[in-house]
Amino acid sequence: MATDTLKSTTGAGAASGGLRRLLLDNGALTALIVLVVAMSALSGDFLTTDNLLNVGVQAAVTAVLAFGVTFVIVSAGIDLSVGSVAALSATVLAWSATSAGVPVFAAVLLAIATGVVCGLVNGILISYGKLPPFIATLAMLSVARGLSLVISEGSPIALPGSVSHLGDTLGGWLPVPVLVMIVMGLVAAFVLGRTYIGRSMYAIGGNEEAARLSGLRVKRQKLAIYAFSGVFAAVAGVVLAARLSSAQPQAADGYELDAIAAVVIGGASLAGGTGKASGTLVGALILAVLRNGLNLLNVSAFWQQVVIGVVIALAVLFDTLRRKAGATPGAAGASQGGKGRQAATYGLAAVVTVAIVGATSFLHNGSSATSRPKVGLSLSTLNNPFFVQIRAGAQAEAKKLGVDLTVTDAQNDASQQANQLQNFTTSGLGAIIVNPVDSDAASNSVKAADKADIPVVAVDRVVNDAKLDTLVASDNVAGGELAAKSIAEKLGGKGKIVILQGQAGTSAARERAQGFANGLKAYPGIKVVAQQPADFDRTKGLDVMSNLLQAHPDVQGVIAANDEMALGAIKALGSKAGKSVPVVGFDGTPDGLKAVEGGTLYASVAQQPSQLGKIAVDNALRALEGKKVEETVKVPVKVVTKENVAGFSG
């Protein structure tokens with residue numbers, strides 16, 4: 001009996017230890033299963049074919065970037081430049097295929113070559129220049145982004161139709177970005193597990209000095225590793241541009257952090273020596289499922305950042321615990337038995353996920369749909385008082401009309417907005433309101449909504465090459481002309497002024513700049529001594545204006561493309577603001593109007609943003625109910641000065 005009891009106890013302990021080992025070795029996969037089950041239980045819109053394909057599309061760019069970063073992290077390096085290299089590669093593709101007249105196939109090769117060159121430069125700086133990887137790739141991040149802006153002149157470049165098809169579907173259901181992600185994942189897995197360079201990555205990451213003493217040409221291997229990362233970044237850039245039908249110079253901003261997060265969540269160690277392509281794919285899917293599910297659950301974009309940050313921190317903690325517990329690392333040279341067990345683990349995980357998800361789906365079957373109409377509002381950013389007022393006006397009108405309004409924040413990222421609009425399209429919303437980050441980049445997403453017979457209302461900015469039910473907007477060009485006229489008349493038709501431009505690549509910045517230029521043509525005595533972008537940001541407006549004052553201390557007036565930059569300029573001007581140097585802003589935000597009332601801001605071209613939001617919701621509901629709506633609803637702009645600010649309400 002004692003022997004039987006001992007055997008039983010030992011067997012139970014072995015089973016418990018085996019389960020613990022399984023969870024430790026496949027923590028990312030376990031987390032993905034838990035997330036899928038949780039999202040399926042919480043949202044009836046998550047577990048649909050269209051939405052699951054959305055998740056794949058939304059993971060594609062991050063995953064392809066992350067596959068390249070996996071090579072670098074396995075070799076104990078870091079690559080912070082992949083997002084900027086992706087944007088530069090896409091810009092080179094679009095520019096060479098359009099402005100330079102290069103055949104599309106050759107333009108794609110040029111884009112890939114751009115990624116290779118950037119990677120090689122990183123490798124040379126690290127291997128031969130002895131720069132730390134963090135510093136070398138940080139420098140490339142800035143250089144590549146700057147070159148992208150120089151080549152594109154700060155504006156998106158439309159892609160040829162043959163390249164844009166990379167963002168379409170095969171057979172009407174399989175998205176090409178998902179197919180590219182799978183192919184690049186297989187390539188990454190092959191390189192890591194079946195090639196000399198792959199084994200070298202693990203050796204260098206495990207112990208670089210030992211690898212060198214064993215005969216590895218470490219410097220040359222690092223050149224190849226960073227070149228591989230550049231290739232994958234270029235492919236990701238092409239896929240992203242295809243999704244947006246244009247090369248955006250500001251595209252993939254911050255994606256390097258998502259890529260690194262995906263690699264770490266997938267089980268790779270930042271200390272080097274461990275990591276695998278399958279884990280990186282799981283990490284990218286975790287991030288995509290999180291964002292998709294949180295969007296469907298109407299969780300604020302701000303809280304989404306908090307959640308994702310917590311997930312990354314937990315992943316690193318888990319990696320530490322795993323290494324302390326002696327969990328099996330994902331390195332090259334795994335035995336065939338180990339690979340067989342891994343395949344069985346993934347198969348078992350798939351079966352368990354399908355079974356549990358299938359069960360949870362019954363929670364949503366037969367549930368009565370709400371009688372309240374549902375509308376989605378995708379704003380370009382909520383980090384600006386103007387768009388916060390649009391949201392406030394929209395929410396007030398939605399409450400008044402009995403509309404369920406879901407608001408998302410694209411954070412000035414055209415790709416993130418495309419994801420949000422895809423989620424809206426597949427989640428059963430009755431109508432969509434979009435304030436596009438870029439007028440060209442939102443086109444494909446709006447076309448998809450049109451195909452699904454969902455009414456789409458654009459607010460503040462138009463969506464190019466797509467059918468809209470209505471456009472609710474002020475005229476940015478006309479507003480710019482009014483701003484120019486106001487400053488010129490205040491200066492008596494003569495004087496030196498500077499212009500603070502908006503974020504390069506956005507339609508609002510381009511249109512307002514065009515309006516400024518048009519308006520100043522009537523006043524040849526007004527000389528523009530400097531024009532610099534300050535990204536619609538108050539702090540940057542302060543910094544840029546402070547710098548410009550060093551070169552032009554005799555400036556006599558300032559035009560800013562929004563009130564935030566104008567308020568920054570006022571801070572830089574100090575006592576001159578509103579006295580010897582009039583400043584004109586744009587938007588009519590609450591802080592801007594207070595400055596007008598106080599006399600430091602001479603005028604603001606007010607667009608009445610809360611009215612834009614209110615009218616957009618009203619028109620979305622009318623379109624949803626099949627009522628007639630106007631093709632364009634213009635909300636008049638108004639120059640607000642100290643004389644009329646008291647009676648103005650935005």
Side-chain angles (χ1 to χ4, degrees), residues 377-382 384-397 410 412 433-440 442 456-464 468-487 499-503 506-520 536 559-566 584-593 596 601-620 622 629-641 644-645 647-650:
L377 168 59
S378 175
L379 289 166
S380 58
T381 180
L382 283 173
N384 184 307
F386 176 78
F387 299 107
V388 172
Q389 284 186 281
I390 289 180
R391 179 185 64 177
Q395 289 175 329
E397 186 69 3
N412 278 324
I433 303 170
V434 57
N435 161 238
V437 173
D438 180 80
S439 299
D440 293 315
V456 179
V457 174
V459 60
D460 186 47
R461 303 167 185 167
V462 71
V463 178
N464 294 333
L468 295 169
D469 286 77
T470 189
L471 167 66
V472 180
S474 301
D475 191 329
N476 277 316
V477 176
E481 292 173 353
L482 285 174
K485 180 181 178 182
S486 298
I487 196 88
I499 295 177
L500 299 182
Q501 301 167 326
Q503 186 174 24
T506 60
S507 56
R510 295 194 302 272
E511 291 166 2
R512 293 178 187 185
Q514 180 186 339
F516 299 154
N518 292 348
L520 291 174
F536 294 127
I559 302 177
N562 79 338
D563 284 345
E564 286 295 289
M565 293 188 296
V584 175
F586 209 116
D587 284 345
T589 63
D591 283 351
L593 296 178
V596 170
L601 184 63
Y602 170 65
S604 178
V605 179
Q607 293 195 84
Q608 306 181 75
S610 61
Q611 288 296 310
L612 290 173
K614 173 182 178 297
I615 296 170
V617 169
D618 183 57
N619 278 267
R622 289 176 62 84
V629 293
E630 296 295 328
E631 186 175 329
T632 302
V633 179
K634 287 290 186 183
V635 178
V637 294
K638 182 178 182 180
V639 178
V640 181
T641 63
N644 62 356
V645 66
F648 177 79
S649 172

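Throughout, numbering of the chain's residues begins at 1 and tracks the sequence. Values below: every heavy atom of this structure, side chains too, minus hydrogens, waters and symmetry copies. Since we're looking at a predicted model, the values are computed, not measured.
Using modelled atom types, no side-chain atom of Ser604 and backbone atom of Leu593 make a donor-acceptor pair closer than 3.5 Å. In this structure a side-chain-to-backbone donor-acceptor pair under 3.5 Å is missing from Asp460 to Ala473. Ser474 contributes a side-chain N or O that, together with a main-chain N or O of Val635, makes up a donor-acceptor pair within less than 3.5 Å. Checking side-chain atoms of Asn619 against main-chain N and O of Ile615 turns up a donor-acceptor pair under 3.5 Å. At distances below 3.5 Å, at least one donor-acceptor pair connects side-chain atoms of Asp563 with backbone N or O atoms of Thr589. In this structure, the side chain of Asn644 engages the main chain of Val639 through a donor-acceptor pair within 3.5 Å. Here the side chain of Ser439 pairs a donor or acceptor atom with the backbone of Val462 at under 3.5 angstrom. The main-chain N or O of Ala509 is never found under 3.5 Å from a side-chain atom of Gln501 such that the two would form a donor-acceptor pair.
What you find for Pro436 and Ala442 is that their closest heavy atoms are CB-CB, 3.9 Å. Between Ala458 and Leu468 the shortest heavy-atom distance is CB-CD1, 3.7 Å. Closest approach of Asn464 and Asp440 over heavy atoms only: ND2-OD1, 2.9 Å. Closest non-hydrogen pair, Pro590 versus Gln389, comes out as CD-OE1, 3.3 Å. Nearest heavy-atom pair, Val640 versus Ala606, reported as atom, atom and distance to 0.1 Å: CG2-CB, 3.7 Å. Nearest heavy-atom pair, Arg512 versus Asp587, reported as atom, atom and distance to 0.1 Å: NH2-OD1, 3.1 Å.
Using a 4.5 Å cut-off on side-chain heavy atoms (C-beta onward), Val633 and Asp618 make no contact. Residues Ile487 and Phe516 are not in side-chain contact: their nearest non-hydrogen atoms beyond the backbone lie 4.5 Å or more apart. Using a 4.5 Å heavy-atom cutoff, the side chains of Met565 and Phe586 are not in contact. Between Arg622 and Asp469 there is no side-chain heavy-atom pair separated by less than 4.5 Å. No side-chain heavy atom of Phe536 sits less than 4.5 Å from a side-chain heavy atom of Glu564.
Phe387 CZ to Asn562 CG: the interatomic distance, rounded to the nearest 0.5 Å, is 8.5 Å. Interatomic distance, Asn412 CG to Asn384 CG, rounded to the nearest 0.5 Å: 8.5 Å. Once rounded to the nearest 0.5 Å, the distance linking CG of Leu379 with CZ of Phe386 reads 10.0 Å. Here Ile390 contributes atom CD1 and Gln395 contributes atom CD; the two are 12.0 Å apart, rounded to the nearest 0.5 Å.
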Worksheet item: Val645 and Leu601: side-chain contact (heavy atoms from CB on, under 4.5 Å), yes or no, with the steps?
Response: CA-CA 11 Å; Val645 66; Leu601 184 63; over 6 Å; no

Discussion item. Checking Asp475 against Glu481 for the side-chain contact (heavy atoms from CB on, under 4.5 Å) test, could you report, in this order, the C-alpha distance in whole Å, the side-chain angles of both residues, the deciding distance, and whether it holds?
Written reply: CA-CA 10 Å; Asp475 191 329; Glu481 292 173 353; over 6 Å; no

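In this model, a donor atom of one side chain and an acceptor atom of the other lie less than 3.5 Å apart for Ser380 and Asn435.
Among the candidates Arg510, Glu511, Arg461, the single residue satisfying the side chain to side chain donor-acceptor pair (under 3.5 Å) test with Asn476 is Glu511.
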